[in-house]
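Counting from 1, the numbers follow the sequence of the chain as shown. Everything quoted here is computed from the prediction, not taken from an experiment.
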Amino acid sequence: MNYMNKSIKELHDDLINGRVTSKQLVEESIKKSHELQDECNAFVTILDDVEGVEVNDNLLSGIPYGVKDNYSTKGILTTGSSNTLKDYVPFFDATAIDKLNSAGAVKVNKTVMDEFGMGGTGTTGHTGVVRNPWDLTRICSGSSSGSACAVAAGVYPYALGTDTGDSIRKPAAYCGIVGYKPTYGMISRYGVFPFASSLDHLGVLTRSVEDAAIVVDTMKGIDPNDMTSWDSSHIKLYESLENNPKGKKLCYVKEFCDISNYPNADENLKAHLENFYKTIDKCRELGMEVEEVSVNRDLLNASYSTYVVIHSAEATSNMSNLTGIIFGPRGEGNNYIDMMKDHRTKGFSPLIKRRFIIGSYVLQAENKDRYFNNAQRVRRLIVDAWKDLFKKYDAVISPIGTGPAKKFDDLDKKYDTNTITLDEHLQIGNFGGFPSITIPNGFVDGLPVGVNITGNCYDDVNVLNIAYALESSMEYKGQIARRFHHE
């Protein structure tokens, strides 16, 4: 029996009724971890000595899961996929890990990510690139690349991720699974390496909406160690799931979805948007109202630049402690300034250095108002535009990216500037702290693509129910990448 292909509820039922033990699940998951590592390089650390636990009534008890390598895990290597922390072992667990430990969940590995979450390709981690389990010549996207890869390959039913721009939701789409980031602050960020604090969300990658609800129910909650967390004890995500979408009102943004906006569209983009409009028809068949809306194109075109300015500035500040003096491999030099220069020059990838340079530049006194403060103003205008949509609609539905995952060989090709707003629009969910979930939406050229549903802050139940109903009408729930699908 291949247990790791099952859902959380199925595994819990097997455990409670004695058809399998936690020890057997852990052994299977670790075995699969090594098999996947050989092909896809999804892990920084595999915890070979982990043992099963006694099963309790919590649905997650005894079940293996994966942890993105920016979550602090006590006594376990936690690198952020960066050479600057390649030997760092924390002395405490992140709050989210504490909650999963209390539930009896069993972590079996730490997953590769883009370095400190900065990147959307899964290629900047210090242990090498992560390959897509559907096609080894393609990316998983990032930064939660290893987590998405492992869930899609059937290593376990869920893995933890973080999302600063689309880092849970786009890898989920490219790997044919579910990626959910709840409302900002629903899950405490304490103990997770900060990237851009006003944009960072914690979340989960699963193979079903139901599993995503179960995991986040366990992870969420107010935390005195995170002043941005809030009391969500009245919100029961899993208990609130119901397949009754009639009367829900959705909208999609013409500027993202109209093929006429893309004069250089290839066949994959055309097929991807055709898929999306079929899903719109399906929503209507299920009793939902769906309307096309238009948003100021200049505002949308400014979104990605706004994101780059804000996250670079916040990252520069957050990571100023990575000096090689306090922790990390010590740099060389005759004084502490030279040692820090050496440490940071050798330790960071070129992408990270570029973002630090941008962040430092936009925060300089003579530049701050023109760049950083203006970016904050544009952010507010974008969030207000979406808030206006949520006054009339339950959620915004949109396609993810420009089609299936890109090939590694195509990453250096010239970027079509016409598609930037389509490729990067999920960042709006981070600007506003909105709950946002990606679910599989079929295939293009034999590879998975996704659709996203984003709603208003604190309306997670509504967002999940729309996704749940749509997922229930499709055939992609629980799917495993073909090359790793074994009965």
Side-chain angles (χ1 to χ4, degrees), residues 44 68-73 77-92 94-95 113-120 124-126 142-143 162-165 167 184-185 188-202 225-228 305-376 379 427 430-431:
V44 177
K68 188 174 180 179
D69 207 36
N70 56 350
Y71 283 73
S72 180
T73 45
L77 188 67
T78 303
T79 71
S81 283
S82 175
N83 276 319
T84 61
L85 291 179
K86 63 185 179 68
D87 300 316
Y88 174 61
V89 179
F91 60 87
F92 72 103
T95 297
M113 53 189 283
D114 279 302
E115 186 177 6
F116 289 123
M118 296 191 213
T124 66
H126 75 298
S143 63
T162 58
D163 190 310
T164 304
S167 292
Y184 182 80
S188 168
R189 291 179 291 113
Y190 180 72
V192 177
F193 297 161
F195 166 10
S197 301
S198 74
L199 303 170
D200 291 345
H201 295 62
L202 275 59
N225 291 315
D226 179 1
M227 66 180 181
T228 64
S305 299
T306 298
Y307 173 70
V308 171
V309 169
I310 292 173
H311 84 235
S312 296
E314 294 188 13
T316 300
S317 176
N318 277 327
M319 297 181 191
S320 61
N321 65 337
L322 298 176
T323 62
I325 304 295
I326 309 169
F327 43 74
R330 188 64 62 89
E332 298 177 358
N334 295 323
N335 54 58
Y336 75 92
I337 293 177
D338 289 342
M339 291 168 68
M340 284 193 290
K341 284 182 179 179
D342 184 67
H343 168 78
R344 292 173 73 88
T345 299
K346 292 177 179 176
F348 292 125
S349 68
L351 175 65
I352 299 288
K353 293 174 189 174
R354 286 198 298 272
R355 296 199 180 184
F356 286 166
I357 290 170
I358 293 170
S360 298
Y361 182 79
V362 302
L363 287 176
Q364 287 176 349
E366 61 269 32
N367 301 324
K368 189 174 181 181
D369 192 60
R370 181 180 181 185
Y371 295 110
F372 183 72
N373 292 348
N374 266 339
Q376 296 286 27
R379 175 183 184 172
Q427 294 153 2
N430 301 81
F431 287 166

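Between N367 and V362 there is no side-chain heavy-atom pair separated by less than 4.5 Å. Within the 4.5 Å cutoff, the side chain of F327 has heavy atoms near those of the N321 side chain. Proximity of I358 to Y371: side-chain heavy atoms (C-beta onward) are nowhere separated by under 4.5 Å. The shortest side-chain heavy-atom distance between M118 and M319 falls under the 4.5 Å cut-off. The closest side-chain heavy-atom distance from D163 to N430 is below 4.5 Å. Contact check for S167 versus M113: no side-chain heavy atoms found under the 4.5 Å cut-off. V44 places a side-chain heavy atom less than 4.5 Å from the side chain of S81.
Annotation for D369: atom CG counts as buried by contact number, over 12 foreign heavy atoms lying within 6.0 Å. Taking a 6.0 Å sphere around CD of E332, one finds it holds 12 or fewer heavy atoms contributed by other residues, nucleotides or ligands. Counted within 6.0 Å of CZ on F92, heavy atoms from surrounding residues, nucleotides or ligands total more than 12; the atom is thus considered enclosed.
With rounding to the nearest 0.5 Å, the separation of CZ in R379 from OG1 in T306 is 10.0 Å. Here the OG-CD1 distance, from S312 to I310, works out to 10.0 Å after rounding to the nearest 0.5 Å. Taken to the nearest 0.5 Å, the OG1 atom of T162 stands 11.0 Å off from the NE2 atom of H201. Annotation: the span from N83 atom CG to K346 atom NZ amounts to 11.5 Å, rounded to 0.5 Å. Taking OH of Y88 as the start and CG of L77 as the end, the distance is 10.5 Å to the nearest 0.5 Å. In this structure, CG in L202 is found 3.5 Å from OH in Y71, a value given to the nearest 0.5 Å.
With sequence neighbours left out, the side-chain contact (heavy atoms from CB on, under 4.5 Å) criterion links F348 to S82, T84, E115, F116, L322, R344, I352, K353, F356. Under the side-chain contact (heavy atoms from CB on, under 4.5 Å) criterion, N225 pairs with Y190, D223, sequence neighbours left out.
Contact detail for F195 and D200: the closest heavy-atom pair is N-OD2, 2.9 Å. The two atoms that bring E314 and L199 nearest to each other are OE1-N, 4.3 Å, heavy atoms only. Contact record, A375 with V309: CB-CG1, 3.7 Å, taken as the closest heavy-atom pair. For the pair L351 and T124, the tightest heavy-atom approach, listed with the atom from each and the gap, is CD2-CG2, 3.9 Å.
Under the 30°/60° scheme for interplanar angles, the aromatic rings of Y307 and F431 are found to be tilted.
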